[in-house]
K.L.:
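This is the structure I have questions about; it appears just below.
Scope of the values below: all heavy atoms of this structure, side chains included, with no hydrogens, waters or symmetry mates. Here the structure is a predicted model, which is why all the values come from computation and not from measurement.
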Amino acid sequence: MALPAWLKVRKQLGHQPIVAGRIGGSTPILVERYLYQAIDRTVSGLDTTGLLVQFGGAPVREGEPDNWRSMNLPSQSLLIPKGVSTHWHYSGTVDFAVMYFLEGGGSAMQSLELLAQSRDSPLSFSDPLVGAAAQQLVGELQKGPGADEGFMQRLAVVMLEQVFRSLTIPGSRGINPRHVHFSRLQAVLNFVHDNPAGHLSVSSLAAIAEVSQAHFCRIFRGAMGVPPHQYVLATRLDLARKLLTQSSLPISRIAEESGFSSQSHLTACFRAAHSTTPAQYRATGSQMA
């Protein structure tokens, strides 16, 4: 009889998790947290989709030395498709959680499984909400019998929905670390996310990358899959969505904080992207809370 995916991973890693537990509800997952020293390990393809979130420690490369598929740092994550083998290279102590999708999942899990099935390698992304939710889940599991099952179920839904958004919304994914201009473009992305309301013209971003505007547009689109202006707009809209649901700021102020020239400019861009207005979006979010 075949071993469950998590027991298979434990055996192949040669380590036991420091925390482990099941979470039920509409996103049934088995969560494990690992903490150990440098190793190289291969994990064969599993019979379920998995999500890996790194909390801290040294960089972790996945792939082969001549063909790295990802380099994970703290707060980075991987969605691992069913049946895809992974090859891990650790350069020091690592701290991460792995979550195995169980049968009977709802729409959020099913959407991620379909997305993963369309790929033949892990999907790398970085999202602070996913990282924070994963850490909160592990922290709750550590309470043992005192863990709040309902809270964990709700948190798991939010986490998986955010994973899907991070992997499908233009401009939300990171750069492939193998990209020749990785360091230049990472500096640009950091600047965009740190200064969403700042002056983010193509010329200013090209200056940060220290290349010509034409060359910058080519390398940016090659690495990110979208032109610079579309990435900037996606970043600003993402901030606007968060402020609409997580603050009571007037929409005019949200437009200013998000880098739009006016409330009408935000409304026009928001409607084009989401087929609704910021006010309607905020009202819908309030009704769901």
K.L.:
Would you mind checking if Arg33 and Asp95 are paired as a salt bridge, meaning a charged N to carboxylate O distance below 4.0 Å?
P.N.:
yes
K.L.:
Do Leu30 and Val43 belong together in a cluster built from hydrophobic side chains that touch within less than 4.5 Å?
P.N.:
yes
K.L.:
Answer yes when Arg10 and Glu32 have at least one side-chain N-carboxylate O distance shorter than 4.0 Å, and no when they do not.
P.N.:
yes
K.L.:
Could you tell me whether the side chain of Asp120 reaches within less than 4.5 Å of the side chain of Pro81, counting heavy atoms only?
P.N.:
no
K.L.:
To check you understand the geometry: which heavy-atom pair defines the closest contact between Leu243 and Ser258, and what is its length?
P.N.:
CD1-OG, 4.0 Å
K.L.:
Should Phe125 and Met99 be regarded as members of a common hydrophobic cluster, given that ILVMFWY residues are connected when their side-chain heavy atoms come within less than 4.5 Å of each other, either directly or indirectly?
P.N.:
yes
K.L.:
Run the side-chain hydrogen bond (donor to acceptor under 3.5 Å, both in side chains) check on Ser204 and Ser201 step by step: do they pass?
P.N.:
CA-CA 5 Å; Ser204 64; Ser201 66; 3.3 Å; yes
K.L.:
What I'd like to find out is whether the side chain of Tyr231 reaches to under 4.5 Å of the side chain of Leu189, using heavy atoms alone.
P.N.:
yes
K.L.:
State, to 0.1 Å, how close Pro196 and Arg236 come at their nearest heavy-atom pair, and which atoms those are.
P.N.:
O-NE, 2.6 Å
K.L.:
Give the ring-plane orientation class for Phe270 versus Tyr281, where under 30° counts as parallel, over 60° as perpendicular and anything between as tilted.
P.N.:
perpendicular
K.L.:
So, are Asp238 and Arg165 salt-bridged, with charged N and O less than 4.0 Å apart?
P.N.:
yes
K.L.:
Distance from Ile18 atom CD1 to Gln142 atom CD, nearest 0.5 Å?
P.N.:
6.5 Å
K.L.:
Could you check whether any side-chain heavy atom of Leu51 comes within less than 4.5 Å of a side-chain heavy atom of Val53, counting everything from C-beta outward?
P.N.:
yes
K.L.:
Please step through side chain to side chain contact (heavy atoms under 4.5 Å, CB included) for the pair Val138 and Phe55, ending with a clear verdict.
P.N.:
CA-CA 11 Å; Val138 170; Phe55 296 147; 4.1 Å; yes
K.L.:
Within the structure provided, determine whether Val84 and Arg119 are in side-chain contact (heavy-atom separation under 4.5 Å).
P.N.:
no
K.L.:
Examine distances only and state if a side-chain atom of Asn195 and a backbone atom of Gly198 form a donor-acceptor pair shorter than 3.5 Å.
P.N.:
no
K.L.:
Evaluate ring-ring contact (aromatic ring centres under 6.0 Å, His included) for Phe191 paired with His199, printing each intermediate quantity in order.
P.N.:
CA-CA 10 Å; Phe191 184 80; His199 182 61; 9.6 Å; no
K.L.:
Using side chain to side chain contact (heavy atoms under 4.5 Å, CB included), reason through Gln54 and Ser77 one step at a time and then give a plain yes or no.
P.N.:
CA-CA 6 Å; Gln54 185 172 352; Ser77 307; over 6 Å; no
K.L.:
Flag yes if Val157 and Leu102 sit in one hydrophobic cluster, no otherwise; membership is Ile, Leu, Val, Met, Phe, Trp, Tyr, and two members link when side-chain heavy atoms are under 4.5 Å apart.
P.N.:
no
K.L.:
Please say yes or no: joined through hydrophobic side-chain contacts below 4.5 Å, possibly via intermediate residues, are Ile254 and Leu237 part of one cluster?
P.N.:
yes
K.L.:
Report yes or no: does His89 contribute a side-chain atom to a donor-acceptor pair with the main-chain N or O of Glu64 at less than 3.5 Å?
P.N.:
no
K.L.:
Can you name the closest pair of heavy atoms from Ala108 and Glu161 and give their distance?
P.N.:
CB-CG, 3.8 Å
K.L.:
Could you report the tightest heavy-atom contact between Arg282 and Leu244, atom names first, then the distance?
P.N.:
NE-O, 3.0 Å
K.L.:
Under 30°, 30 to 60°, or over 60°: which ring-plane class applies to Tyr90 and Phe96, parallel, tilted or perpendicular?
P.N.:
parallel
K.L.:
Kindly indicate, with the supporting measurements, whether the criterion side-chain hydrogen bond (donor to acceptor under 3.5 Å, both in side chains) is fulfilled by Thr93 and Gln37.
P.N.:
CA-CA 4 Å; Thr93 301; Gln37 294 286 335; 2.7 Å; yes
K.L.:
Evaluate the criterion side chain to side chain contact (heavy atoms under 4.5 Å, CB included) for residue pair Trp88 and Leu52; output intermediate values, then yes/no.
P.N.:
CA-CA 12 Å; Trp88 305 96; Leu52 184 146; 3.9 Å; yes
K.L.:
Would you say His265's side chain and Ser261's backbone share a donor-acceptor pair under 3.5 angstrom?
P.N.:
yes
K.L.:
Among Ile80, Leu112, Leu79, whose side chain to side chain contact (heavy atoms under 4.5 Å, CB included) with Thr49 holds?
P.N.:
Leu79
K.L.:
With a 4.5 Å heavy-atom cut-off, do Ser111 and Leu160 have their side chains touching?
P.N.:
no
K.L.:
Counting N and O atoms only, with roles assigned by atom type, does the side chain of Arg271 sit under 3.5 Å from a partner on the main chain of Thr276, one being a donor and the other an acceptor?
P.N.:
no
K.L.:
Which is it for Gln153 and Glu149 under the side-chain hydrogen bond (donor to acceptor under 3.5 Å, both in side chains) test, yes or no, and what are the steps along the way?
P.N.:
CA-CA 6 Å; Gln153 291 179 13; Glu149 178 67 22; 3.0 Å; yes
K.L.:
Is Leu129 linked to Leu123 within one hydrophobic cluster, defined over Ile, Leu, Val, Met, Phe, Trp and Tyr using a side-chain heavy-atom separation of less than 4.5 Å?
P.N.:
no
K.L.:
Got Val98 and Tyr34 here, is their nearest side-chain heavy-atom distance under 4.5 Å?
P.N.:
yes
K.L.:
What verdict does the side chain to side chain contact (heavy atoms under 4.5 Å, CB included) test give for Thr86 and Leu78, after you've listed the backbone C-alpha separation in whole Å, the side-chain angles of each residue and the deciding distance to 0.1 Å?
P.N.:
CA-CA 11 Å; Thr86 50; Leu78 284 178; 6.0 Å; no
K.L.:
Which atom names give the shortest non-hydrogen contact between Arg41 and Gln12, and what distance separates them?
P.N.:
CD-O, 3.2 Å
K.L.:
Within the 4.5 Å heavy-atom criterion, are Arg22 and Trp6 side-chain neighbours or not?
P.N.:
yes
K.L.:
Are side-chain heavy atoms of Leu114 and Gln117 found at a separation under 4.5 Å?
P.N.:
yes
K.L.:
Heavy-atom count check: over 12 atoms from other residues, nucleotides or ligands less than 6.0 Å from Asp194 CG?
P.N.:
yes
K.L.:
Just verifying a value: how many Å separate Asp127 CG and Gln162 CD, rounded to the nearest 0.5 Å?
P.N.:
4.0 Å
K.L.:
Can you tell me how far the CG atom of Asn190 sits from the NE2 atom of His193, to the nearest 0.5 Å?
P.N.:
8.0 Å
K.L.:
Please check: side-chain N/O of Lys8 versus main-chain N/O of Gly45, any donor-acceptor pairing under 3.5 Å?
P.N.:
yes
K.L.:
Look up atom CD1 in Ile23 and atom CD1 in Ile29, then write down how far apart they are to the nearest 0.5 Å.
P.N.:
4.5 Å
K.L.:
Quick one: pull up OG in Ser262 and CD in Glu256 and give me the separation to the nearest 0.5 Å.
P.N.:
11.0 Å
K.L.:
From Thr48 OG1 over to Tyr100 OH, what is the distance, rounded to the nearest 0.5 angstrom?
P.N.:
9.5 Å
K.L.:
Could you tell me whether the side chain of Gln280 and the main chain of Thr277 form a donor-acceptor pair under 3.5 Å?
P.N.:
yes
K.L.:
Please report the closest heavy-atom contact between Pro28 and Gly105, naming both atoms and the distance.
P.N.:
CD-CA, 3.5 Å
